[in-house]
Amino acid sequence: MEITKIESQRNPSRVNIYIDGEFSFGLMAEIQYKYDLTEGMKIDREYIEKVLLEEEQAKAKNQALRYLGYRQRSEKEIRDKLNKSEFSEDIIENTISYLKEYNLVDDLEFAKSFAKDKINLNDFGPQRIRHELYRKGISNEIIEKVLEEGKDDEYNRALALGKKKLPSYKNDDRNAKYRKLGGYLQRKGYSYYCVSKVLRELVK
């Protein structure tokens, strides 16, 4: 087989490769240069498969990098994204290894940042954060490590949130206030012990 023509696509970063006078495949220009593909070059099926595998790997890396461009992601989120695009397991593993090598994916740092945001922006308690992190594929070891760091502040955060929310129940009797505020704090992810302590403090 012989490469008989290489032409640029409308996208200048890609080219079309023709073999034996017929269109064969599209390719990133950087892959063409890497494998030194030129018109008149003799090529076999094995070499073509090697080039196309490199193209597929580059696509997976680029997709992962674009995905990370919006916000930090967990390893599971990236795997799920690449699986959805039907990349092979080998391609996905290579992509994850590449991202880890350049510290672009780190579940511990992701979990710390996620927990901080959920505390500051959403007033979430540890139980809610634990559930959200678990859904994102974070290991129990990392989850416990992250939650341990903010453990001492749970009661104070819950108390502040309770004080902020309590006025909205001003027309309710004591039992209704107790029930509504308790339910609110539990849904936010605060522990039963912590919620009970806050209710004893605020609902007289």
Side-chain angles (χ1 to χ4, degrees), residues 1-122 124 128-143 146:
M1 294 186 289
E2 180 181 334
I3 297 176
T4 49
K5 184 180 179 182
I6 299 177
E7 66 177 9
S8 296
Q9 294 184 6
R10 287 184 179 179
N11 180 346
S13 67
R14 295 188 62 79
V15 296
N16 290 328
I17 306 293
Y18 291 77
I19 294 178
D20 296 336
E22 294 185 357
F23 171 77
S24 185
F25 51 85
L27 197 65
M28 294 178 185
E30 63 182 271
I31 305 296
Q32 176 209 345
Y33 297 136
K34 179 176 180 178
Y35 284 87
D36 197 24
L37 301 181
T38 57
E39 293 180 0
M41 180 180 180
K42 300 295 183 181
I43 195 169
D44 59 21
R45 175 55 56 187
E46 184 179 348
Y47 198 75
I48 290 173
E49 289 176 356
K50 185 177 180 181
V51 169
L52 293 178
L53 185 62
E54 182 82 13
E55 163 92 352
E56 192 75 351
Q57 184 67 72
K59 283 182 179 178
K61 286 180 181 178
N62 288 343
Q63 184 175 120
L65 290 171
R66 284 196 302 273
Y67 193 47
L68 284 165
Y70 297 106
R71 65 168 176 81
Q72 201 173 6
R73 308 280 181 175
S74 69
E75 182 177 329
K76 180 180 183 298
E77 286 180 306
I78 297 170
R79 285 183 183 279
D80 288 347
K81 181 72 172 177
L82 295 177
N83 267 314
K84 192 174 181 181
S85 297
E86 299 184 345
F87 289 107
S88 70
E89 272 305 311
D90 285 346
I91 292 289
I92 293 173
E93 287 301 327
N94 289 340
T95 302
I96 295 296
S97 294
Y98 167 81
L99 296 174
K100 286 183 175 180
E101 181 181 351
Y102 290 95
N103 297 316
L104 296 172
V105 59
D106 182 326
D107 276 357
L108 177 57
E109 291 305 313
F110 169 84
K112 286 180 179 179
S113 177
F114 182 89
K116 183 178 179 181
D117 285 346
K118 291 304 178 183
I119 288 170
N120 294 333
L121 302 177
N122 303 96
F124 282 0
R128 181 74 178 270
I129 293 171
R130 175 182 281 105
H131 176 70
E132 296 283 340
L133 287 174
Y134 179 79
R135 287 179 58 227
K136 292 184 179 296
I138 305 301
S139 70
N140 286 328
E141 181 183 359
I142 289 178
I143 291 173
V146 168

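Here, residue 1 is the first one in the sequence, and each next residue gets the next number.
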> If you look at every heavy atom in Asp36 and Met41, which pair is closest and at what distance?
Replying inline: O-SD, 3.5 Å

>> The test is side chain to side chain contact (heavy atoms under 4.5 Å, CB included); show your working for Lys116 and Leu121 and say whether it passes.
In response: CA-CA 8 Å; Lys116 183 178 179 181; Leu121 302 177; over 6 Å; no

>> With a sphere of 6.0 Å drawn around CD of Glu86, does it hold more than 12 non-hydrogen atoms of other residues, nucleotides or ligands?
In response: no

>> Between Ser139 (side chain only) and Ile142 (backbone N and O only), is there a donor and an acceptor less than 3.5 Å apart?
In response: yes

> Is it true that a side-chain atom of Tyr47 and a backbone atom of Tyr35 form a donor plus acceptor pair closer than 3.5 Å?
Replying inline: yes

> Atom CD1 in Ile78, atom CG in Asn83: separation rounded to 0.5 Å?
Replying inline: 12.0 Å

> Which atom names give the shortest non-hydrogen contact between Ser24 and Ile19, and what distance separates them?
Replying inline: OG-CD1, 3.6 Å

> What do you reckon, is OH of Tyr33 surrounded by more than 12 foreign heavy atoms closer than 6.0 Å?
Replying inline: no

> Which heavy atom of Ala60 sits nearest a heavy atom of Leu82, and at what distance?
Replying inline: O-CD2, 3.8 Å

>> Does Glu75 form a side chain to side chain contact (heavy atoms under 4.5 Å, CB included) with Phe110? I'd like the steps, not just the answer.
In response: CA-CA 9 Å; Glu75 182 177 329; Phe110 169 84; over 6 Å; no

> How long is the span from the CG atom in Leu99 to the CG atom in Leu68, to the nearest 0.5 Å?
Replying inline: 6.0 Å

>> Let me confirm one number: the CD1-CD1 distance from Ile96 to Ile91, rounded to the nearest 0.5 Å.
In response: 12.5 Å

>> Quick check for you: to the nearest 0.5 Å, what is the distance between Lys5 atom NZ and Ile3 atom CD1?
In response: 14.0 Å

> Looking at Ile138 and Ser74, what are the two nearest heavy atoms and their distance?
Replying inline: CD1-CB, 3.8 Å

>> Between Gln32 and Leu37 (side chain of the first, backbone of the second, donor and acceptor by atom type, cut-off under 3.5 Å), is there such a pair?
In response: yes

>> I need the minimum non-hydrogen distance between Met28 and Asn62, along with the two atoms involved.
In response: CE-ND2, 3.5 Å

> Judged by atom type as modelled, is there a donor-acceptor pair below 3.5 Å linking the side chain of Asn16 to the main-chain atoms of Gly26?
Replying inline: no

>> Would you compute the distance between atom CD1 of Ile31 and atom NZ of Lys50 and round it to the nearest 0.5 angstrom?
In response: 12.0 Å

> Just wondering, do Glu55 and Arg14 contact through their side chains at under 4.5 Å, heavy atoms?
Replying inline: yes

> Closest approach of Gln9 and Leu27, non-hydrogen atoms and distance?
Replying inline: NE2-N, 4.4 Å

> Nearest 0.5 Å, what's the NZ-CG distance between Lys112 and Leu133?
Replying inline: 13.0 Å

> Taking 4.0 angstrom as the limit, do Lys76 and Asp80 come out as a salt bridge?
Replying inline: yes

> Are side-chain heavy atoms of Phe114 and Val146 found at a separation under 4.5 Å?
Replying inline: no

>> Is the shortest side-chain heavy-atom distance between Lys59 and Phe87 below 4.5 Å?
In response: yes

>> I'd like to know if Lys118 pairs up with Glu132 as an ion pair, taking the criterion as any Lys NZ or Arg NE/NH1/NH2 lying under 4.0 Å from an Asp or Glu carboxylate oxygen.
In response: no

> Charged N to carboxylate O under 4.0 angstrom, Arg135 versus Glu77?
Replying inline: no

> Taking it one step at a time, do Asn103 and Glu109 satisfy side chain to side chain contact (heavy atoms under 4.5 Å, CB included)?
Replying inline: CA-CA 10 Å; Asn103 297 316; Glu109 291 305 313; over 6 Å; no

> Can you tell if the side chain of Asp20 reaches within under 4.5 Å of the side chain of Glu2, non-hydrogen atoms only?
Replying inline: yes

> Between Asn122 and Arg128, does a side chain to side chain contact (heavy atoms under 4.5 Å, CB included) hold up when you go through it step by step?
Replying inline: CA-CA 10 Å; Asn122 303 96; Arg128 181 74 178 270; over 6 Å; no

> Any side-chain heavy atom of Thr95 sitting closer than 4.5 Å to one from Arg79?
Replying inline: no

